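Structure record follows, encoded as structure tokens.
Everything numeric in this text was worked out from a predicted model, so none of it was measured.
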Amino acid sequence: MGPVSASTSIDAPREAVMELLTDLSVRPSFTDHFLDEYRLERLEPAGLGAAARFRIPDRGIWMESVIAEIETPHRVVERGHGGRLDRIPIATVWELVEGPSADSCELTVTFVMEPQTLADRAADTGAGLRGAERWFRRQWNRSLGRLRELAESGAAPARIEVAGADRNPG
């Protein structure tokens, strides 16, 4: 599946949006309409190396994503695997460009799944991922709208935690 991109304008400082993007414990706040069974894989949910695993029920696949690169406040790159036996490499790139005013920015997300084997490429055109690009584009557009509302409201986002984590660190 080729790159799928979605963009939006957000009336919030770029640094505040970057903070939301690099904290995976906040991600279900704007992606839970198409990601299910979202689980953090590390105690530290933010920053380089933070990881999460989730299921895309409409597509019947599991995916894992790890924050691989952060260029504050411009870009976040996530890499991972998904599909049957985690054979399909995936990448998600979040790019932030300063908007016309200091308190606004343009956000673009690009999502790529790269099936490597013949069986995975066949599934890409078969029943498992039929119409995947259009479907993912709609979901990412909706997610960006929800992220825009979250960032512009300034409210504290709902966060998830790792099961069994120490409730009183320190």
Requested in this report: Check whether any side-chain N or O of Arg142 sits under 3.5 Å from a backbone N or O of His33 as a donor-acceptor pair, and report yes or no.
Outcome: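 Here the side-chain-to-backbone pair does not exist.
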Any donor-acceptor N/O pair, Arg14 side chain to His74 backbone, under 3.5 Å =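 Looks like no, no N/O pair under 3.5 Å.
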Given side chains that start at C-beta, do those of [X] and [Y] come closer than 4.5 Å, heavy atoms only?
X	Y	value
Glu152	Ile10	yes
Ser9	Glu106	yes
Tyr38	Leu24	yes
Met113	Ile90	yes
Thr92	Trp94	yes
Arg53	Asp86	yes
Leu96	Leu21	yes
Asp23	Glu19	no

If we check side-chain contact (heavy atoms from CB on, under 4.5 Å) with Leu147, which of these qualifies: Val26, Leu20, Thr31, Thr8?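 Looking at Val26, Leu20, Thr31, Thr8, the match for Leu147 under the side-chain contact (heavy atoms from CB on, under 4.5 Å) is Leu20.
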| task | Report the C-alpha distance between Ile61 and Ile88 in whole Å, list the side-chain angles of each, state the deciding distance to 0.1 Å, and finish with yes or no for side-chain contact (heavy atoms from CB on, under 4.5 Å). | result | CA-CA 10 Å; Ile61 55 177; Ile88 303 172; over 6 Å; no
Would you name the heavy atoms of Val17 and Ala151 that are closest together and state the gap between them?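 That closest heavy-atom pairing would be CG2-CB, 4.1 Å.
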Show the nearest heavy-atom pair for residues Pro73 and Glu15, with the distance to one decimal.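 Shortest heavy-atom contact: CG-OE2, 4.0 Å.
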What about [X] and [Y], same hydrophobic cluster or not, with Ile/Leu/Val/Met/Phe/Trp/Tyr joined at side-chain heavy-atom distances under 4.5 Å?
X	Y	result
Ile67	Leu43	yes
Val4	Phe34	yes
Trp135	Val109	yes

(request) Over 60° means perpendicular and under 30° means parallel, so classify the ring planes of Phe111 and Trp140, tilted if in between. (result)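 Trp140 vs Phe111 ring planes: tilted.
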Is it true that Arg39 and Glu37 make a salt bridge, defined as a side-chain N closer than 4.0 Å to a carboxylate O?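 Yes, this pair counts.
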